[in-house]
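Each remark here refers to the structure printed beneath this line.
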Amino acid sequence: MRILIVEDEPKIAAEIARGVESLGLTAESVGDGEEAWYRGGTESYGAIVLDVGLPKIDGITLLKRWRQEGLATPVLVLTARGSWSERVEGIDAGADDYLPKPFRMEELLARLRAILRRAGGHASSIVTIGEVAIDTRNMRVSVKGTPVSLTPLEFRLINYLAHNRDRVVPQAELCDNLYDINNDRDPNAIEAVVARLRRKIKVPLIETRRGFGYHIAGPQE
Ligand code: CA
């Protein structure tokens, strides 16, 4: 899953990106409101971390525009310290949560996980599908209680499918969400990752719907 980071201070943006990647997610950063507006309208993200004070278009205006356009992506707003008006404006504009600057990275990541969970409709950080348990907080997968060792890419793929298990996920969408925008996006690579996951997980979980994409099979608990 890709997370868009909209922050004009490169050092903070890089720190957030590192934190996001430590959760097994893909981070993409942009430094101004205009570029963020463009990306938000053309790419799909699991969540957006949005600074309020931005060049070109400020964060609150941007968020209002996105919500007016019907963008439902969860947004975590970063506000200036002690600025209650920014918090109120952020929530009015459609923020899912806010965090005053300066913040502890642990808190940002906890809030990010929480909005992703709410968006996915899961109250717990562990998603159980049949005999497979996916721990989204600790990025671990176990089958019948036995941990399975996965690469970050494999984890991202299974995590994305699990969060979208009510539908068939097209290969192109997986490509978009698993790889950084700057990387080559090769649909064959997705097939290879799915094949490796199947070998590791052993029990039937990921179904291929020829010509459509992938789907997670099995009862939800
Ligand atoms: Ca700023």
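Indexing begins at 1, ligand by ligand and atom by atom, following the structure's order. Numbers for residues simply follow the sequence, beginning at 1. Predicted model, so just to flag it, every value in this text is computed and none were measured.
For the salt bridge (Lys or Arg N to Asp or Glu O under 4.0 Å) condition, the pairs that include at least one residue of residues 91-100, sequence neighbours left out, are Arg67-Asp96, Asp97-Arg111. Within the structure, side-chain hydrogen bond (donor to acceptor under 3.5 Å, both in side chains) pairs that include any residue of residues 9-18 do not occur (at least two apart or interchain).
A donor and an acceptor atom, one from each side chain of Glu28 and Tyr45, are located under 3.5 Å apart. Looking only at atom types and distance, the side chain of Tyr214 has a donor-acceptor partner in the side chain of Gln171 under 3.5 Å away.
Listed by chain and residue number, nothing satisfies the side chain to side chain donor-acceptor pair (under 3.5 Å) test with Asp8 (two or more places apart in sequence, or in another chain).
In the hydrophobic clustering of this structure, Val203 groups with Val127; members are Ile, Leu, Val, Met, Phe, Trp, Tyr whose side-chain heavy atoms approach within less than 4.5 Å, directly or through other members.
Protein atoms of type N, O or S found under 3.0 Å from the Ca ion (ligand 1) total 3.
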